[in-house]
Amino acid sequence: MKVNWLKAPADREVIARWTARDSGSAYALALPAPPDPERFEFLVVGDTGDSDVSSAGQSPQEAVAQHLAGDASLPESPGPGAFLLHMGDVVYMAGERRLYDRNFRRPYSSFLTPGSTVDDLVFRLPFLPVPGNHDYYDFAGWASTLVRIPGLGSGLKALARELFAYNIPQGGSGMGRTYMEAFVERGDGHAGPLDYRPGEHTRIPNRYYRFRYGGADFFALDSNTLEAPPRSAEQARARADATRRVRDLEARASRLNHELTRDQQALERWAAGQRARLTEDPARLARVADAAHGVEAALRQLQAAQRLVVTGPLDAGAAAREAGALADRWSAATADLARASKAARADLALSRMDGAAEASVALLRSVEGALAELPEGVLRTDLLAAQEAVEAALRQWREAAESTPPEELCGRIRQRSEAALDAQRALARERRRMSYRPEDHDEAQLRWLDAALSEAERERPGGWRIVYLHHPLYSTIGNHCEGGDIQGVRDNLLSLLRGRVHLILGGHSHAFEWIRSGALPHTGLFVTGGGGQVSLRRSVLDPRRFLRYRDRYDALRRAEVVECCFSGAGPAAADGEDGPIYHYLRIEVTPDRLLVRPIGVRRLARGFRREAPMPVHHVPELGNAGGQPPGWYERRLVGVEIRRDRAPRPVWD
């Protein structure tokens, strides 16, 4: 497959563009002093930025954010969480500015002051992120290119509203520009630590930074530029290894392509049969017409709201005219449907509605850009209400006009589409490495981290040292387990962190994981990537997947992984509820221990519920399985206790 629609930036470009040009002391943040320096709690969440607007109810991100707010030390909340760490991937799919309102500002509104906009986010308590890979992604003509990829394009297009809803990218992050403008102090040159003032000025000093809070020192890393081979690596060998991996990935992408094409043809045959039955069912056509009238009315409401917006990126006159023209298209298609006396005429009217629906979704994307820049007030409230009315009307029309495809077929397409996306991401990374240069290695960040850790060890030898970054050092999740990016980050960091850090927090993999490693025997290693991204993933340690992923199991053992807990796509609750478990972490700091408690937020048929202690799958030992899967037990995890110079210990319910 030659098409490569993912335009990931080279490390050297990110390093040059987004690293503050000042001494390492400028990469420090000064937080307000804690009431009790020896005892406090903080919150951790990652991989959040997905609105799941294909659902009329609350999204997973909104549900997690609601529980986070209840555990945060906000004026209206009794929660103990003094601050929040975000592990990155703030906005899916590609960190677009247009989606910052829907996928960040709205879910976390309780953490923000009322006057916050995407240009000026002001937090009510410290909200401290690191960038994820999706916060750096850029797409060139993604929607149009997607359709041109055989199999992958048509398969994803058919399920677009389920997988990505209105979040289909139309550009990208500007090589991380949106993230930097939203969270990082503009300009260089601030001398010494940057003052963080909740409710007034809440920016971080650099893409990587440090801060001290009570008895703990925190080190925030940008792992996106920490996966390249070190400068000492042989350049020709690094490029040759990447070329070999590209060949393997292209072969895998080709196989997935063939499978998706076959499944898509089956889906198209099924859809054609459903459409034929619809055109001969007067009662259903009447329901489609009623729903189409609803879309027309909602677009008229949007047209009226757009006419009043005179600030921001929205051309009020042009946008209102576009909404009105779309309403006219729906009206005309509905009239055609009412006049249709034959199936062929009805099919033509329905096809016109299909086109109007796609154009309506495109219009909603432009509205997202306006909402990002409008301050709180009547205009924004009216525009938001009109946008939501159009979304709701489109959902109702789709429910009337389209039948639900067979779940087995949808499941195959979903699984293979996600696998194809993973292959494309990996191809983008390896194609970058085919032109690897020593400048790709972020030596400056590693030197800064070494010096910062040394300073903390020297000044506070009895203090806690906590590192957080997007890419974890280990993961058992299928699409990331022992991936090139994770191995690269681990190779660059392991020797720096061994024996110096008590807790390492990562995201990237869409699940909760606690991993115990012989390479870091006294360090708590956690993956917290289930903060709201809709699609949670499964572990390769699942006995049902063991044979398929035996090579990765062996790789984990070689990397000295000895124990693991996992939760996300399971396990089921005691009452039989088996919806996915999203989560965040509550971490309690005392002089003698750290206690990391996962808080589950399970999706139910209607709504969500909190589950703590959280159900997990526990693999107590990754031994030599001898062809048999390791032990895999369902348990309820209260938390993991971390003490100095001891192996972390799980606490069970």
Side-chain angles (χ1 to χ4, degrees), residues 28-48 64-75 77-88 90 108 110-112 123-130 183 193 196-199 202 204 208-221 456 460 463-470 472 501-507 512 514 523-532 583-601 610 612 614 638-643 648 651:
L29 193 62
L31 296 186
D36 184 347
E38 293 192 337
R39 297 177 184 275
F40 61 90
E41 287 193 29
F42 64 96
L43 307 172
V44 185
V45 71
D47 297 77
T48 58
V64 170
Q66 179 181 343
H67 286 277
L68 273 170
D71 282 338
S73 183
L74 293 166
S77 165
F83 55 88
L84 187 150
L85 307 183
H86 195 297
M87 298 298 102
V90 177
Y108 295 103
S110 57
F111 290 86
L112 292 160
F123 294 96
R124 301 164 70 198
L125 89 169
F127 194 108
L128 307 169
V130 290
F183 299 109
Y196 196 99
R197 303 187 303 277
T202 55
I204 55 179
Y208 54 89
Y209 56 98
R210 62 179 294 196
F211 66 92
R212 179 170 290 176
Y213 194 86
D217 286 278
F218 293 80
F219 307 87
L221 305 182
R460 306 205 303 175
W464 296 107
R465 290 177 290 280
I466 299 170
V467 167
Y468 64 104
L469 67 169
H470 181 64
V501 173
H502 304 99
L503 176 61
I504 300 174
L505 302 165
F512 164 79
W514 165 57
T523 303
L525 297 159
F526 292 86
V527 176
T528 176
H583 79 279
Y584 59 96
L585 306 180
R586 283 179 58 170
I587 301 182
E588 176 187 319
V589 181
T590 67
D592 300 324
R593 74 167 187 174
L594 304 175
L595 180 62
V596 180
R597 289 186 287 178
I599 308 298
V601 181
R610 183 186 184 101
M614 191 169 80
V638 174
V640 178
E641 186 180 75
I642 299 164
R643 295 184 181 270
V651 180

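All residue numbers in this chain count up from 1 along the given sequence.
- In this structure the side chain of Leu503 reaches within 4.5 angstrom of the side chain of Ile587, judged on heavy atoms.
- To the nearest 0.5 Å, atom OG1 of residue Thr528 and atom NE2 of residue His86 are 9.5 Å apart.
- The two residues Pro32 and Pro198 have their closest heavy-atom pair at CG-CD, 3.7 Å.
- Looking at every heavy atom in both residues, Gly531 comes nearest to Thr48 through O-CG2, 3.6 Å.
- Side-chain contact check for Ile204 versus Leu128: some heavy-atom pair is nearer than 4.5 Å.
- Residues Tyr208 and Leu221 share a closest heavy-atom pair of CB-CA, 4.0 Å.
- With contacts defined as side-chain heavy-atom distances shorter than 4.5 Å, the pair Tyr468/Val44 does not qualify.
- Rounding to the nearest 0.5 angstrom, the gap separating the OG1 atom in Thr202 from the CG atom in Leu31 is 11.0 Å.
- Without hydrogens or angle criteria, His470 side chain to Met87 main chain gives a donor-acceptor distance under 3.5 Å.
- Residue Pro648 comes nearest to Ile642 through the heavy atom pair CB-CG1, 4.3 Å, listed as atom of the first residue, atom of the second, then distance.
- For the atom pair CG of Leu68 and NE2 of His583, the computed distance is 10.0 Å after rounding to the nearest 0.5 Å.
- Using a 4.5 Å cut-off on side-chain heavy atoms (C-beta onward), Pro80 and Arg586 make contact.
- The closest side-chain heavy-atom distance from Ile466 to His502 is not below 4.5 Å.
- Checked against Phe218 for a ring-ring contact (aromatic ring centres under 6.0 Å, His included), the options Phe42, Tyr213, Tyr209 give a single hit: Phe42.
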Quiz prompt | Worked verdict on Arg597 versus Met614 for side-chain contact (heavy atoms from CB on, under 4.5 Å) | solution = CA-CA 9 Å; Arg597 289 186 287 178; Met614 191 169 80; over 6 Å; no
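- Contact of the Pro126 side chain with the Phe211 side chain is not registered, since no non-hydrogen atoms from C-beta on lie closer than 4.5 Å.
- Taking CZ of Arg643 as the start and CG of Leu594 as the end, the distance is 10.0 Å to the nearest 0.5 Å.
- Of all non-hydrogen atoms in Ala69 and Ser77, the two that sit nearest each other are O-OG, 3.1 Å.
- Side-chain atoms of Arg460 come within 3.5 Å of backbone atoms of Ala216 as a donor-acceptor pair (strictly under, hydrogens ignored).
- Aromatic rings of Tyr196 and Phe83 (six-membered ring for Trp) have centroids beyond the 6.0 Å cut-off, not under it.
- In this structure, the separation between CG on Leu112 and CZ on Arg124 is 9.0 Å, given to the nearest 0.5 Å.
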Quiz prompt | Residue pair Leu469, Ile504: steps toward the side-chain contact (heavy atoms from CB on, under 4.5 Å) verdict | solution = CA-CA 8 Å; Leu469 67 169; Ile504 300 174; 3.9 Å; yes
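- Taking 4.5 Å as the limit, every side-chain heavy atom of Val130 sits out of range of all side-chain heavy atoms of Leu85.
- Taking CZ of Phe526 as the reference point, atom CG of Leu505 lies at 7.5 Å (rounded to 0.5 Å).
- Aromatic rings from Phe123 and Phe111 are positioned such that their centres are separated by 6.0 Å or more.
- Within the 4.5 Å cutoff, the side chain of Val501 has no heavy atoms near those of the Phe219 side chain.
- When all heavy atoms of Pro598 and Ala612 are compared, the pair lying nearest together is O-CB, 4.5 Å.
- Taking a cutoff of 4.0 Å between a charged side-chain nitrogen and a carboxylate oxygen, Arg610 and Asp71 qualify as a salt bridge.
- Comment: Asp217 does not engage Arg465 in a salt bridge, judged by the lack of any side-chain N to carboxylate O separation of less than 4.0 angstrom.
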